[in-house]
Amino acid sequence: MFEDIKDNNIYKNLYDGQWVSSASNNFITINSPINEEEVGKIQAMTGEEVDKVVSKAQSSFGIWADKPVSERADIIHKAAAILEENSEEIANILTKEIAKDIKSARSEVIRTVDFIRFTADEGKRIQGETLQGDGFHGFSKNKLAFVTREPVGVVLAISPFNYPVNLSASKIAPALMAGNSVVFKPPTQGSISALYLAKVFQAAGLPSGVLNTITGKGSEIGDYIIKHKEIDLINFTGSSEVGRHISEVTTMVPSIMELGGKDAAIVLEDADLEHAANNIVKGAFSYSGQRCTALKRVLVLENIADQLVDIITEYVSQLKVGNPFDDVTITPLINNKAADFVQGLIDDAIEKGATLKIGNKREGNLLYPTVFDNVTTHMRIAWEEPFGPVLPIIRVKNIDEAVEIANASEYGLQSSIFTNDIDDAFHIARLLEVGTVQINNKTERGPDHFPFLGVKSSGMGTQGIRYSIEAMSRPKAIVVNLRERSDKVGQVK
C-alpha cells in the first residue's frame with residue numbers, strides 16, 4: 001500500500017490527499033546509522049511550498065471540524081487497524097533508518113496502534129458541560145453557560161528522530177480527534193518511517209488536506225514554518241535548545257513542548273538493590289540511552305554505593321552490543337556527531353577523576369555501554385544530557401544532598417526513587433522539581449493515558465491522550481440569558 005509515497009526511492013510528501021514531489025528538485029539523502037547505506041531520499045521543500053501546505057490545511061480545517069466526533073473516531077480506528085496490518089514493514093524501515101533494535105521498533109509500532117485506538121475512544125468521551133449562574137454571588141438561575149470544546153485550527157506537529165512513529169502519532173491522532181487539521185514536519189532522520197505513518201492515516205479515509213506533510217532542511221524552512229501566521233498551535237518534541245528558540249520567535253501561538261531531561265535515580269539505604277539496579281540499567285541503556293526519559297544519573301547513599309555499583313556494572317556487562325537486527329540492546333547512535341558529543345562527556349569525566357567501571361569503547365558511532373563511579377558535580381556528565389549509553393553514579397551523604405543535586409539541574413522531566421519506605425518516597429517526591437516521579441521503577445513515558453510533562457527546560461504543557469486532546473482544543477461558552485417571568489407558573493412549592 002506504500003507504493004505511491006515514493007518514486008525510485010525518493011519519498012514524496014502528502015499534500016491535499018496526494019503524494020507529490022517538490023518543485024525544488026532538491027533532496028536530502030537518508031543514510032542508515034547502521035552501515036551508512038542509503039535508506040532513501042526525501043524532498044527538500046521550499047518556503048513557497050510551505051505556504052501552500054499551510055493554506056491547504058487552513059482551508060480543509062472546517063470540513064474536518066464539522067464532522068461528528070463518532071465519524072472522526074471511526075477513521076482514526078481504521079488508521080490503527082491499517083498500522084497494525086503493516087507493522088512489520090514499518091518496524092523494519094524504522095530500524096534501518098534510526099538503528100533502533102528490531103524488538104524495540106516492533107514494540108514502538110504496536111504501542112502506537114494501541115495509542116491511536118485509545119485516542120479514538122477517549123475523544124468520544126470528552127464532553128462539554130452546562131453551568132448555572134447562581135453559583136456565583138449576584139447572579140441567578142436565568143444565566144446558563146453551555147460549554148463545548150472547539151478545535152484550535154491548524155496544528156503544526158514536529159516530531160523527533162528517536163520515536164518517529166510513536167511520537168508522531170502522539171501529536172497527530174489527538175489533534176485530529178479534537179477536530180484540527182495537521183501540518184506534520186517529521187524529523188529528517190526518521191522522516192521515512194514518519195511518512196509511512198502519514199500514509200496510514202491517509203489510507204484510513206481522512207479528507208484531502210486535513211493531514212499534510214513537510215520535509216526539508218531545518219536551516220532553510222524551520223523558522224519559516226514555526227513563524228507562519230496561519231499556524232494556530234505548535235506541538236514539538238526535541239531538544240531544549242530548539243524548544244527555547246521556538247518560544248522566543250513565536251508570538252501569541254500556544255505551544256506544547258516535550259524537551260530534554262537529566263532524569264535522576266535516587267537510591268536509599270533500604271532499597272532492593274537488585275531491583276533498583278535492574279531498573280536503572282534498563283532505564284539508562286535501552287535504545288542506547290537516546291530517550292528524553294532515559295535515566296541519566298544515579299544518586300546513591302554512600303553506605304550502599306559499593307554494592308549498587310557492583311550490581312549495575314554486572315548487569316551492564318551482560319548487555320549485547322551490535323547490529324539492531326540482531327538480539328541486542330546497544331546499537332549505533334544516530335550519527336557521528338552524537339557519538340562525538342557523548343565521547344566528549346566521557347573524556348571530561350576521566351580527566352576530572354571519575355572511576356571508569358566499564359565501557360569507553362567506540363567503533364564509529366557505536367559506543368559501548370559505559371558506567372562511571374565517583375562522579376562529582378564538577379564534571380559535565382553530572383549536568384549535561386548525553387543522549388547516549390553512559391551512566392554517571394554520584395555518591396551522596398544523605399537525602400537532602402540527593403534532592404539538592406537533582407533539583408539543581410536545568411531540566412525537570414522525571415526522577416526515580418528506590419526505597420521500601422513509602423513515607424520517604426512521598427516526602428522526596430514532593431520535593432523533586434519534575435513533572436513525574438517514579439517510585440521503585442525506571443523513568444519512562446506511559447502508560448499513554450497518564451499525564452506526561454516536564455518543568456523548567458524539560459517542556460511546556462501536558463500530554464497524555466486525554467490531556468493532549470484537551471490541549472489541542474479550547475473551551476467555548478455560549479451563554480443564554482433567560483428572561484424573568486412575572487407569573488408563577490411552574491414555580492416549585
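Predicted, not measured: the structure shown is a model, and the values here were computed from it.
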TODO: Walk me through it: do V165 and Y196 pass the test side-chain contact (heavy atoms from CB on, under 4.5 Å)?
DONE: CA-CA 9 Å; V165 174; Y196 273 69; over 6 Å; no
TODO: Kindly indicate whether a cation-pi arrangement holds for K100 with Y163, taking the cut-offs as under 6.0 Å to the six-membered ring centre and within 45° of the axis.
DONE: yes
Task: Lys NZ or Arg CZ of K361 over Y368 ring: under 6.0 Å, within 45° - done: yes
Pairwise side-chain contact, [X] with [Y], heavy-atom cut-off 4.5 Å (strictly under):
{"X": "R474", "Y": "P254", "value": "no"}
{"X": "F372", "Y": "I346", "value": "yes"}
{"X": "L367", "Y": "V390", "value": "no"}
{"X": "S288", "Y": "L366", "value": "no"}
{"X": "L83", "Y": "F201", "value": "no"}
{"X": "L195", "Y": "F2", "value": "no"}
{"X": "V253", "Y": "K227", "value": "no"}
{"X": "D223", "Y": "H245", "value": "yes"}

With distance as the sole test, does [X] use its side chain to make a donor-acceptor pair with the main-chain N or O of [Y] at under 3.5 Å?
{"X": "N365", "Y": "P33", "result": "yes"}
{"X": "S468", "Y": "G464", "result": "yes"}
{"X": "T213", "Y": "L14", "result": "yes"}
{"X": "N86", "Y": "E89", "result": "no"}
{"X": "Q189", "Y": "I334", "result": "no"}
{"X": "N420", "Y": "D270", "result": "yes"}
{"X": "N440", "Y": "T419", "result": "yes"}
{"X": "K185", "Y": "G222", "result": "no"}
{"X": "S473", "Y": "A178", "result": "no"}
{"X": "K357", "Y": "V309", "result": "no"}

Task: Worked check of side-chain hydrogen bond (donor to acceptor under 3.5 Å, both in side chains) between Q343 and N360 - done: CA-CA 8 Å; Q343 188 64 57; N360 191 24; 3.1 Å; yes
Look up atom [atom1] in [X] and atom [atom2] in [Y], then write down how far apart they are to the nearest 0.5 Å.
{"X": "D306", "Y": "I311", "atom1": "CG", "atom2": "CD1", "value": "11.0 Å"}
{"X": "E258", "Y": "F452", "atom1": "CD", "atom2": "CZ", "value": "4.0 Å"}
{"X": "I393", "Y": "I312", "atom1": "CD1", "atom2": "CD1", "value": "4.0 Å"}
{"X": "I405", "Y": "L299", "atom1": "CD1", "atom2": "CG", "value": "5.5 Å"}
{"X": "L308", "Y": "T313", "atom1": "CG", "atom2": "OG1", "value": "9.0 Å"}
{"X": "N26", "Y": "E220", "atom1": "CG", "atom2": "CD", "value": "7.5 Å"}

- [ ] Kindly assign one of parallel, tilted or perpendicular to the pair F387 and F161, based on the angle between their ring planes and the thresholds 30° and 60°.
- [x] perpendicular
TODO: Answer with yes or no whether the side chains of H427 and D421 bring together a donor and an acceptor at under 3.5 Å.
DONE: no
Task: E274 and N278: side chain donor to acceptor below 3.5 Å - done: no
Task: Trace of the side-chain contact (heavy atoms from CB on, under 4.5 Å) decision for E97 with I30 - done: CA-CA 7 Å; E97 192 177 17; I30 306 300; 3.9 Å; yes
Are more than 12 heavy atoms from other residues, nucleotides or ligands located less than 6.0 Å from atom [atom1] of [X]?
{"X": "Q307", "atom1": "CD", "result": "no"}
{"X": "K320", "atom1": "NZ", "result": "no"}
{"X": "K456", "atom1": "NZ", "result": "yes"}
{"X": "F27", "atom1": "CZ", "result": "yes"}

- [ ] Assess whether side-chain contact (heavy atoms from CB on, under 4.5 Å) is satisfied between L233 and I256, documenting all intermediate values.
- [x] CA-CA 8 Å; L233 182 143; I256 307 165; 4.0 Å; yes
Which heavy-atom pair separates [X] from [Y] by the least distance, and what is that distance?
{"X": "K6", "Y": "N9", "value": "NZ-OD1, 4.1 Å"}
{"X": "I234", "Y": "I226", "value": "CD1-O, 3.7 Å"}
{"X": "A99", "Y": "T331", "value": "O-OG1, 2.7 Å"}
{"X": "K171", "Y": "A157", "value": "CB-CB, 3.8 Å"}
{"X": "M257", "Y": "I246", "value": "CE-CG2, 3.5 Å"}
{"X": "Y411", "Y": "S458", "value": "CB-OG, 3.4 Å"}

SB check [X] [Y] (cutoff 4.0 Å):
{"X": "E470", "Y": "R466", "value": "yes"}
{"X": "R111", "Y": "E444", "value": "no"}
{"X": "D340", "Y": "R362", "value": "yes"}

Task: Set of residues satisfying side chain to side chain contact (heavy atoms under 4.5 Å, CB included) with respect to S170, sequence neighbours excluded - done: F115, L167, R445
- [ ] Going by the side-chain contact (heavy atoms from CB on, under 4.5 Å) test, name the single residue among I358, I280, L356 that passes it with V371.
- [x] I358
Open item on the list: Could you walk me through whether K96 and F325 satisfy the side-chain contact (heavy atoms from CB on, under 4.5 Å) test, starting with their C-alpha distance in whole Å, then the side-chain angles of each, then the deciding distance to 0.1 Å, before giving a yes or no?
Closed with: CA-CA 9 Å; K96 290 177 184 177; F325 283 101; 3.7 Å; yes
Task: Test side-chain hydrogen bond (donor to acceptor under 3.5 Å, both in side chains) applied to S457 and K262, E385, E241, R244, the passing residue - done: R244
